[in-house]
Number of protein chains: 2
Amino acid sequence: MAEREVDRSVSQTVKAQLALREQILDGSLRPGERISELQAVETTGASRTPVRMALVRLEEEGLLEAIPSGGFMVKAFSERDISDSIELRGTLEGLAARFAAERGVSARELEPLKECLAAIDELLGQVPISIEAFSSYVTLNARFHALLTELSRSPPLIRQIDRASALPFASPSGFVMAQSALPEAQQILIIGQEHHRVVIDAIENREGARAEAVMREHARLAVRNLRLALRNRTHLDLLPALALIKTATD
Amino acid sequence: MAEREVDRSVSQTVKAQLALREQILDGSLRPGERISELQAVETTGASRTPVRMALVRLEEEGLLEAIPSGGFMVKAFSERDISDSIELRGTLEGLAARFAAERGVSARELEPLKECLAAIDELLGQVPISIEAFSSYVTLNARFHALLTELSRSPPLIRQIDRASALPFASPSGFVMAQSALPEAQQILIIGQEHHRVVIDAIENREGARAEAVMREHARLAVRNLRLALRNRTHLDLLPALALIKTATD
DNA sequence: TGTATGCGTTGTGTATACAATAGCGAGGGC
DNA sequence: GCCCTCGCTATTGTATACACAACGCATACA
């Protein structure tokens, strides 16, 4: 094992996990395909033990599925799986928003959320929105959702939301990507931003039910738009991990 | 490795996982305690590789926590963590009930649920309820919740609910155990059964919102009762994995 | 020609050896 | 007397060897 380049800065397990996830998400490994440990060892540069650990973690994350006779395969998702995952995430975020509202949040904690809001407002002011601005939007939106989740101050809930976001199409970025595929994309982003504004307002005024409702509506909007986008498959290459969608009737 | 008794019927990994989970839940390993691989190797009878796999899985399950410098420790939960986990589970089950109601369920699919219902009715008819009957109740209740979850026909949601139930105090049995610690236990079980009846009725009549609401109320009831039970710590030894609760002010 | 059986190959499950790191204790210097 | 540093030990991270099981192919027999 002389010539193998070993990067000691990160653990082999983490390195293998990242490499494999990337391979899955970029479509190098097709859904349903069996993932061979030896092959993974070659492509990741780690040895079998860390590769196996990475495979177990990716299974728990939901990207892989255990094969009864042994080994793992890339999981395949139906369109319904994806919309359910988005709605699921929305429901959890709704609960997070309600917790935040009911338990109370200081002005200081809300500040970064408001900064996000303002930054997004500025981006959305541009008509039409530039590619760079859109990219910034994706980042800011993810940040907003993460901060909102944190506001719940509930480690079990935060953990569960993180898990629900592991599936790329169910992550906040996935929301946006799906919506961006539609012609009326900018209008949709503006409505989403309105939701963001309402949830902050509801939390500030300690209106738990309203905070929860708006987050759920936020997700339902994303589901509706994803359905539309999947009908007329335009620009869907923007949607990460589209490769994971079972080409249903194929 | 001649004298080590090896059971080939189940994998060493699974065996180690079960053994370690039991050790954690029965309190042999205290919350916050570092769990040594070598020690686990001795107590489980498996070797280090399967033990490590089991540790990773238990971490993903939420029973263990990774230590930054390496290794794992038993996770500790606050009272709030526990009530949040129960509410979280109730929210997910509410979503499952709504999915079932909105998507429609055949009479044939509802039948096992109704059988559960009837069996529980019979048990609760006894006043006061016997220990054996209570034990049957726990099983039947768990079955009811599992069947209800299945009705959603949503693999991502089912998966998430299963994960949320991995924490023993957040499982349906945990609900019941917590409630049983109170003097008015039987009355509480009867109210819970009423919830079960309502959710079935709502699903049959395709009333999604009502089905969801009653499951959430079901969980909120459990949370309230858990709080009460923790106040007057009577019979709490019935609550599995109570050992995981951080003895907050200790 | 079709089917069944046996052998070979491939790949996972398990065990263990080796390497590296972190934590702790002891000793010496300031 | 206290603190800093060096080294040892214990424990984890990684690599690899070995064993067993499953799948496929080929061959032989019906």
Side-chain angles (χ1 to χ4, degrees), chain A residues 1-21 23-24 28-61 63-75, chain B residues 1-21 23-24 28-61 63-75:
Chain A
M1 213 53 337
E3 57 239 329
R4 180 175 291 173
E5 194 70 26
V6 177
D7 179 2
R8 290 270 168 224
S9 66
V10 292
S11 81
Q12 297 294 324
T13 301
V14 171
K15 207 178 74 177
Q17 189 173 351
L18 292 175
L20 286 172
R21 183 170 14 218
Q23 285 180 37
I24 295 166
S28 311
L29 299 163
R30 307 213 69 80
E33 186 175 344
R34 183 177 196 139
I35 193 164
S36 153
E37 280 184 13
L38 293 170
Q39 177 190 329
V41 162
E42 285 184 9
T43 59
T44 63
S47 82
R48 277 190 64 209
T49 307
V51 161
R52 281 178 67 76
M53 303 250 300
L55 291 174
V56 170
R57 291 202 134 96
L58 289 169
E59 183 207 356
E60 303 286 340
E61 249 179 53
L63 258 49
L64 297 181
E65 201 173 352
I67 299 173
S69 66
F72 300 93
M73 56 180 262
V74 180
K75 201 156 170 179
Chain B
M1 209 56 335
E3 55 241 329
R4 179 175 291 174
E5 194 68 27
V6 177
D7 180 2
R8 291 267 168 229
S9 65
V10 291
S11 80
Q12 298 295 327
T13 301
V14 171
K15 205 179 74 176
Q17 190 173 350
L18 292 175
L20 286 172
R21 188 178 1 228
Q23 285 181 35
I24 294 166
S28 311
L29 299 163
R30 308 212 69 80
E33 188 176 342
R34 182 177 197 140
I35 194 165
S36 150
E37 280 184 14
L38 292 172
Q39 176 190 329
V41 162
E42 284 183 11
T43 59
T44 62
S47 81
R48 276 190 64 208
T49 307
V51 161
R52 280 178 68 76
M53 303 249 301
L55 291 174
V56 170
R57 291 202 134 99
L58 288 169
E59 183 208 354
E60 304 285 342
E61 250 179 51
L63 257 50
L64 297 181
E65 201 172 351
I67 299 174
S69 65
F72 300 92
M73 55 179 262
V74 180
K75 203 157 169 178

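Because the structure is a prediction, the values reported are computed rather than measured. Labels below follow one simple rule: chain letters A, B, ... track the order of the sequence lines, proteins then strands, and each chain is numbered from 1.
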Short side-chain N/O contact to dT14(D) OP1/OP2 from Thr13(A), under 4.0 Å: yes
Nearest-nucleotide 5' precedence on DNA chain C, Ser69(B) against Ser69(A): Ser69(A)
Touch class at under 4.0 angstrom, heavy-atom based, for Ile35(B) against every strand present: sugar-phosphate
Distance, rounded to the nearest Å, where Glu42(A) contributes CD and dT16(D) contributes C1': 15 Å
OP1 or OP2 of dG13(C) under 4.0 Å from side-chain N/O of Arg52(A): yes
Phosphate-side-chain proximity, Ser47(B) and dA15(C), N/O vs OP1/OP2 below 4.0 Å: yes
Spatial distance of atom CD (Glu61(B)) from atom CD (Glu60(A)) [nearest 0.5 Å]: 7.5 Å
Nearest-Å distance for atom pair CD/P, residues Glu37(A) and dG11(C): 10 Å
Closest-nucleotide 5' rank along DNA chain D - winner of Arg34(B) and Pro50(A): Arg34(B)
Interatomic distance, Gln12(A) CD vs dT12(D) P [rounded to whole Å]: 19 Å
Value in whole Å for how far the P atom of dT11(D) lies from CE of Met73(B): 17 Å
Donor-acceptor pair present, Ser11(A) side chain and dT14(D) base, under 3.5 Å: no
hbond_proxy Arg48(A) side chain to dG13(C) base (donor-acceptor, 3.5 Å cutoff): yes
CD1 on Ile24(B) to CG on Leu64(B), rounded to 0.5 Å: 4.0 Å
For atom CD of Glu33(B) and atom P of dT11(D), their distance in whole Å: 13 Å
Rounded distance in Å - CD1 (Ile67(A)) to P (dG13(C)): 10 Å
Leu58(B) side chain reached by Arg21(B) side chain, heavy atoms, under 4.5 Å: yes
Gln17(A) CD - dT14(D) P separation (whole Å): 12 Å
Interatomic distance where CD belongs to Gln39(A) and P belongs to dT12(C) [whole Å]: 10 Å
Ile35(B) and Gln23(B), any side-chain heavy atoms less than 4.5 Å apart: no
Side chain to side chain, Gln12(A) and Val51(A), heavy atoms closer than 4.5 Å: no
